[in-house]
Amino acid sequence: VLFRSSNLDYFGKRNLEPISELENIALLQSILDELPPTNPLRRLKGEIYFETNRMNSLFQNMKTEDWSTDKILKAIDDYLADLPMRKGFTYETNRPKQGFKIGDLKQDKIDEQKKKMELLKSAAQLFPVYQKKMLALNRYDYADMILWVVKAFREDENLLRNYQERYLYFLVDE
């Protein structure tokens with residue numbers, strides 16, 4: 001009810017249109033196309049848009065959970081710093097023939113996680129680019145609508161109270 005054409009002016013979003021699934025895919029692919037060849041997300045052969053679905057999922061999660069790029073990057077750094085203390089990343093038995101003893105790091109497992117986290121970091125750092133491109137296209141998606149309403153309720157107590165008194169329940173349907 002809050003987010004409908006009669007309230008678009010409240011959000012300053014009168015000129016925006018919902019993005020279609022095809023437009024969203026094209027937008028994500030354009031971001032990948034603009035990456036330098038050294039970026040871990042850029043594939044120069046094979047399925048060059050392999051990361052599109054994962055990027056879309058990440059960006060939707062970032063919006064839905066209201067996570068910033070900085071928050072994601074900090075969580076990645078914390079996770080990587082904690083790996084040596086996590087079960088499964090150190091040897092729990094002596095293996096003298098292989099040259100390992102209890103407590104030695106399983107460097108191959110740590111390197112594998114670092115590689116995955118580099119992909120995640122690279123994708124998270126593209127979130128502001130994605131947001132700017134959405135705005136340049138005058139588009140928004142479902143997660144944006146939810147965030148706008150939540151933000152409006154946080155910032156405008158009168159608006160929140162008005163809707164709390166008018167409606168006992170909200171039904172949200174995509």
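Numbers here are sequence positions counted from 1. This is a predicted model, so every value here is computed, not measured.
- Under the 4.5 Å side-chain heavy-atom criterion for grouping Ile, Leu, Val, Met, Phe, Trp and Tyr, Phe59 is not connected to Met145 through any hydrophobic cluster.
- The distance from atom CZ of Phe100 to atom CG of Asn94, rounded to the nearest 0.5 Å, is 12.0 Å.
- Residue Leu168 belongs to a hydrophobic cluster whose other members are Tyr169, with links defined by side-chain heavy atoms closer than 4.5 Å.
- Between Pro128 and Thr69, the shortest heavy-atom contact is CD-OG1, 3.6 Å.
- When the side chains of ILVMFWY residues are joined at heavy-atom separations under 4.5 Å, either directly or via intervening members, Phe127 and Leu41 end up in a single hydrophobic cluster.
- A donor-acceptor distance shorter than 3.5 angstrom exists from the side chain of Arg139 to the backbone of Leu137, with no hydrogens or angles considered.
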Run the numbers on Lys133 and Glu23 for salt bridge (Lys or Arg N to Asp or Glu O under 4.0 Å), then give the verdict.
-> CA-CA 11 Å; Lys133 284 184 173 276; Glu23 285 177 310; over 6 Å; no

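- To the nearest 0.5 Å, atom CH2 of residue Trp67 and atom CG of residue Leu58 are 8.5 Å apart.
- Pro84 approaches Thr90 most closely through the heavy-atom pair O-CG2, 3.3 Å.
- Looking at heavy atoms from C-beta onward, Glu17 lies out of side-chain contact with Asn138 at the 4.5 angstrom threshold.
- Asp104 contributes a side-chain N or O that, together with a main-chain N or O of Lys101, makes up a donor-acceptor pair within less than 3.5 Å.
- Put simply, Val129 and Met55 are part of the same group of oily side chains (I, L, V, M, F, W, Y) that touch within less than 4.5 Å, one to the next.
- Atoms CG and CG, on Leu83 and Leu105 in that order, are 9.5 Å from each other to the nearest 0.5 Å.
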Go through Asn24 and Asp141 one step at a time and tell me if the side-chain contact (heavy atoms from CB on, under 4.5 Å) criterion holds.
-> CA-CA 9 Å; Asn24 193 48; Asp141 61 22; 5.5 Å; no

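- Using a 4.5 Å cut-off on side-chain heavy atoms (C-beta onward), Asp66 and Val150 make no contact.
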Quick one: do Phe153 and Gln164 satisfy side-chain contact (heavy atoms from CB on, under 4.5 Å)? Show the steps, please.
-> CA-CA 10 Å; Phe153 284 159; Gln164 284 177 331; over 6 Å; no

Given salt bridge (Lys or Arg N to Asp or Glu O under 4.0 Å), test Arg86 with Asp82 step by step and report yes or no.
-> CA-CA 7 Å; Arg86 291 177 178 251; Asp82 189 50; 3.0 Å; yes

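- Counted within 6.0 Å of CD on Glu21, heavy atoms from surrounding residues, nucleotides or ligands total 12 or fewer; the atom is thus considered open.
- Both Ile72 and Leu35 belong to a single network of hydrophobic side chains, linked directly or stepwise wherever heavy atoms of I, L, V, M, F, W or Y lie under 4.5 Å apart.
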Criterion side chain to side chain donor-acceptor pair (under 3.5 Å) on Asp111 and Gln107, from CA distance to verdict | CA-CA 6 Å; Asp111 291 343; Gln107 195 59 50; 2.9 Å; yes

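- A cation-pi contact links Lys106 to Tyr91, judged by a cut-off of 6.0 Å to the six-membered ring centre and 45° from its axis.
- Evaluation of the salt bridge (Lys or Arg N to Asp or Glu O under 4.0 Å) rule for Glu47 yields no partner, not counting sequence neighbours.
- Contact check for Ile76 versus Leu80: side-chain heavy atoms found under the 4.5 Å cut-off.
- With salt bridges taken as basic N to acidic carboxylate O contacts below 4.0 Å, one links Lys121 and Asp77.
- Under a 3.5 Å cut-off, the side chain of Arg42 and the backbone N or O of Asp33 do form a donor-acceptor pair.
- A distance of 11.5 Å separates OG of Ser57 from CD of Glu51, quoted to the nearest 0.5 Å.
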Check the pair Glu118 / Lys114 against salt bridge (Lys or Arg N to Asp or Glu O under 4.0 Å), numbers first and verdict last.
-> CA-CA 6 Å; Glu118 281 304 312; Lys114 283 182 180 179; over 6 Å; no

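- Residues Met62 and Lys71 are not in side-chain contact: their nearest non-hydrogen atoms beyond the backbone lie 4.5 Å or more apart.
- Counting only heavy atoms from C-beta outward, the side chains of Pro18 and Tyr140 approach each other to under 4.5 Å.
- Using a 4.0 Å cut-off between charged nitrogen and carboxylate oxygen, Lys151 and Asp144 do not count as a salt-bridge pair.
- Here Asp70 does not pair with Lys74 in a salt bridge; the nearest charged N to carboxylate O distance is not below 4.0 Å.
- The same ILVMFWY cluster, assembled from side-chain heavy atoms under 4.5 Å apart, contains both Tyr49 and Leu119.
- Distance check, rounded to the nearest 0.5 Å: OH of Tyr167 to CG of Asn162 gives 8.5 Å.
- Atom CD of Gln98 has more than 12 neighbouring heavy atoms from other residues, nucleotides or ligands inside a 6.0 Å radius.
- The distance from the CG atom of Leu120 to the CD atom of Gln113 is 11.0 Å, given to the nearest 0.5 Å.
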